[in-house]
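Worksheet: the structure to be examined is printed underneath.
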Amino acid sequence: MQRYLIVAVLLALVGVAVIAKAGYTMTAKKHYWEVVANNLKSDSDSVRPNRGNILSCDGQLLASSIPEYKIFMDFQAGGNEDTAWVHKRDTLWRENLDSLCEGLHAIFPDWTAEQFKERLEEGRNKVIVSSRTGVKTMGARHWAVWPRRISYSTYCEVAELPFFNLPANKGGFHCEKFEARRRPFGSLAERTIGDIRSFEGGKDTARFGLELYYDSILRGKTGIQRKQKVLNKVVPFIVTPPIDGADIVTTIDVGMQDLAEQALIEELKKWEASMGVTILMEVKTGDVKAIVNMRRGSDGEYHERYNDAISYRCEPGSVFKTASFLVALDDGVVDTSYIIHTGNGQYRMHGANMKDHNWHRGGYGDINVARTLEVSSNIGVSYVIDHFYGTNPTKYVEGLYRVGIGEDLKLSINGYLPPNIRMPNTTTTNRAEYWSKTTLPWMSIGYETQIAPINTVTFYNAIANNGKMMRPRFVKEFVKDGEVIMTVQPEVIKEQIAKPQSIKTMQTILRHVVSQGLGKKAGSHSFQVAGKTGTAQVAKAGGYKSGTVEYWLSFCGYFPADDPQYTCIVCLKKSGLPASGGAMSGAVFHKISEGVMAKNLKLRVEDARDSLSVFQPEVKGGDVRSANFVLNHLNINTSNTNLEAPEIQQNVMPNTIGMGARDAVYQIERQGVKVNLVGIGSVKHQSIAPGTELKPGMVCTLELK
């Protein structure tokens, strides 16, 4: 029992000692151990992944991320406790300050060396008060050396300057890294591709376009990194590695995009238009190959500021007449032989005056349905729709949705606004939604509705595709580490927007619109084009009567008409006359269609061979053995060609006339004579005549042409 008692007493004493030591550590030694903990604590930092690239349909880079840096100084680096280091640091600073500022001025000429010196001294003399302890210290901890971001190469130059080349924990020079988005093709398809805006701390936010819609895929997943101080060194180690974002391959074709943009801007400048839109779509897949959105800026130049192609809803004008007549043809209320009495170009409809564009020339008189679309008669279209659907306008509007002109496309891009085609309503007090007697006839010719260009071109694309409506596709696939991880398949919205016979009839009418109607400017001598013109009045401030009237000019069609490959819409917005969708928008359509077809044209080499041409190539003199080797491997008969090696005599100037520069120089300099060359091509003249006896120090000038 005594032994047990002794053990118990000893254990009790040890416990009291432990408690006493813990209390002593928590009170008297508290400050010391807090300092130690702060020096050894582990910090968690996020590790940003690399943002994915955006590529064109053929793999060209449309948007990519590059690093940018902001540079700072920590004037308390290394601490103030080590007086020896503080003295050395101050000495180095005084000795290198002038050369440092001169170096900064050379890299950033916008500021003088004196301005840099004043900036750095201001940060060094800044008094910092600790929010936790209230202790004042001299020197800013995160002082911006240059207010703007710089590239990696510039950062490397700055890091080599005196004092800045010291280790960060000693000299205090450090940086913050940002990811900047760059587009190698500049503003090409800018609003569709999108952009990101970077903020302080390395954060970035996608702003619009595909960058915004696919932000989660492009961004990737952030990793976690911890930093541990070991033997006065901070050692980082990755806890959770970052996952880089995937690349997205778009449907945009750089060549077609550039072609469409140049053609549109040229026409906008010609007519001083305020806005223009072009969309080029592949018929079978719905792939958007080019999409251009131009607005005139305050500088008079045209820029992409809004994605008007998918968001600018307006009254489409006469391109809408195709949908109206397709509904009538599909319902069987008319056929192409149905005669319409348009009279002298003016017609009273429910108290309002409807006019054709040629009313001042006496109108079109009696014309059939097909001719009505060819000449874009307002009276003809509105009469048919009002006559057959006036007692049941709901059937007409339902028909518009049935043929797809009012379809919500649910696009995979931000900013899209679906069509606004209202159903009949005579009970509402909202004037914008009220359905009057004139609503139906004016809606039939492209007014009283709001439709974005993307919906119109999708509708016409369905006609070109024999009635199958495809959803516009902007992205084809997603790629990670060179491997396709997901493919976006072409998507059918409607298998058949109308009866096959109705589609065939409309295809024929649209071909005639270009070949013998108002759309001739959009046509081509090389292939058939089908489409429809449109000219709509758009009221500016004050309404149609009191304000300035602008015109929304459009042409929408497809080519080649006998085997449709592409559908295209061109829209222009301009003030004042002249204003013609066929002449102005059609001209842009013509340039785009001709350019696209020329780009895709593939000819056989045999087709370019002239039967009267001579296939024996001209062979320069000189290395005859090599020439014979090449000609024999090309199966070219050399029996009629005098390809004999020239005889070379020692110490005698050789004849180099007809030789290439390389062979001539070789033949002459092997005789110990220096050569001067003038021109390019083969030798036509040599300053030392052939056969001349050579002497040391001679120089021969060869004239090549």
Side-chain angles (χ1 to χ4, degrees), residues 263 267 278 280-281 283 317-326 328-329 334-340 342 356-358 361 363-378 380-381 384 445-446 456-457 459-467 498 500-535 553-572 580-598 600-601:
E267 197 72 12
T278 295
L280 181 66
M281 181 181 292
V283 171
S318 296
V319 291
F320 192 82
K321 294 174 181 176
T322 302
S324 294
F325 264 9
L326 184 59
L329 290 170
V334 294
D335 57 24
T336 54
S337 63
Y338 183 83
I339 300 299
I340 306 165
T342 63
D356 279 337
H357 70 93
N358 72 332
R361 295 196 298 268
Y364 290 109
D366 293 348
I367 54 177
N368 61 25
V369 165
R371 186 62 179 167
T372 297
L373 273 189
E374 291 173 16
V375 298
S376 195
S377 171
N378 293 332
V381 176
V384 168
I445 60 173
T456 304
V457 74
F459 166 71
Y460 276 79
N461 192 74
I463 295 176
N465 201 22
N466 295 321
Q501 185 56 47
S502 302
I503 295 295
K504 292 294 182 185
T505 301
M506 187 55 66
Q507 289 174 341
T508 302
I509 296 174
L510 293 179
R511 283 200 300 270
H512 291 169
V513 169
V514 177
S515 62
Q516 56 197 38
L518 299 181
K520 291 181 180 179
K521 287 284 186 181
S524 172
H525 295 295
S526 304
F527 50 88
Q528 283 189 334
V529 173
K532 180 70 183 72
T533 63
T535 304
L553 315 173
S554 54
F555 182 90
C556 191
Y558 52 89
F559 60 93
D562 52 345
D563 181 22
Q565 301 296 317
Y566 299 97
T567 306
C568 181
I569 187 171
V570 179
C571 302
L572 306 176
S580 169
M584 297 175 184
S585 296
V588 180
F589 183 98
H590 169 79
K591 293 177 183 178
I592 294 174
S593 61
E594 291 264 338
V596 170
M597 292 303 292
N600 293 334
L601 190 62

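When a residue number appears, it is its place in the shown sequence, counting from 1.
The shortest heavy-atom contact between M506 and L326 is CE-N, 3.8 Å. In plain terms, the two heavy atoms of A263 and I592 that are nearest each other are CB-CG1, 4.1 Å. Between T322 and L373, the shortest heavy-atom contact is N-CD2, 4.3 Å. Closest approach of R511 and Q528 over heavy atoms only: CD-OE1, 3.6 Å. When all heavy atoms of H357 and V375 are compared, the pair lying nearest together is NE2-O, 3.5 Å. Counting all heavy atoms, side chain and backbone alike, K504 lies closest to N466 at NZ-OD1, 3.6 Å.
In this structure the side chain of M281 never reaches within 4.5 angstrom of the side chain of Y460, judged on heavy atoms. Between V588 and F555 there is no side-chain heavy-atom pair separated by less than 4.5 Å. Residues I509 and F325 form no side-chain contact, since every pair of their non-hydrogen atoms from C-beta on lies 4.5 Å or further apart. Residues S337 and N368 are not in side-chain contact: their nearest non-hydrogen atoms beyond the backbone lie 4.5 Å or more apart. In this structure, the side chains of C568 and T278 come closer than 4.5 Å at one or more pairs of heavy atoms. Taking 4.5 Å as the limit, every side-chain heavy atom of L518 sits out of range of all side-chain heavy atoms of V513. Side-chain contact between P560 and Q565 is present, with heavy atoms from C-beta onward closer than 4.5 Å. At a threshold of 4.5 Å between non-hydrogen side-chain atoms, the residues T372 and V381 count as touching.
Pairs passing the side chain to side chain donor-acceptor pair (under 3.5 Å) check and including a residue from residues 582-592, sequence neighbours excluded, read E266-K591.
K321 contributes a side-chain N or O that, together with a main-chain N or O of S376, makes up a donor-acceptor pair within less than 3.5 Å. Side-chain atoms of N461 do not come within 3.5 Å of backbone N or O of A464 as any donor-acceptor pair. Put simply, the side chain of N378 never gets that close to the backbone of D356: no donor and acceptor are under 3.5 Å apart. Without hydrogens or angle criteria, T567 side chain to G557 main chain gives no donor-acceptor distance under 3.5 Å.
Between atom OH of residue Y558 and atom CG of residue N465 there is a gap of 10.5 Å, rounded to the nearest 0.5 Å. If you take CG on L572 and CE on M584, they are separated by 8.0 Å, rounding to the nearest 0.5 Å. In this structure, CZ on F589 lies 10.0 Å from OG on S524, to the nearest 0.5 angstrom. Atom-to-atom distance recorded for I569:CD1 and S554:OG is 6.0 Å, nearest 0.5 angstrom. The distance from atom CD1 of I463 to atom CD of Q507, rounded to the nearest 0.5 Å, is 8.0 Å. For the atom pair T342 OG1 and R371 CZ, the distance stands at 11.0 Å (nearest 0.5 Å).
Taking the six-membered ring for Trp and thresholds of 30 and 60 degrees, F527 and F559 have ring planes inclined between 30 and 60 degrees apart.
Test I367, D366, V369 against I339 for side chain to side chain contact (heavy atoms under 4.5 Å, CB included) and you get one pass: D366.
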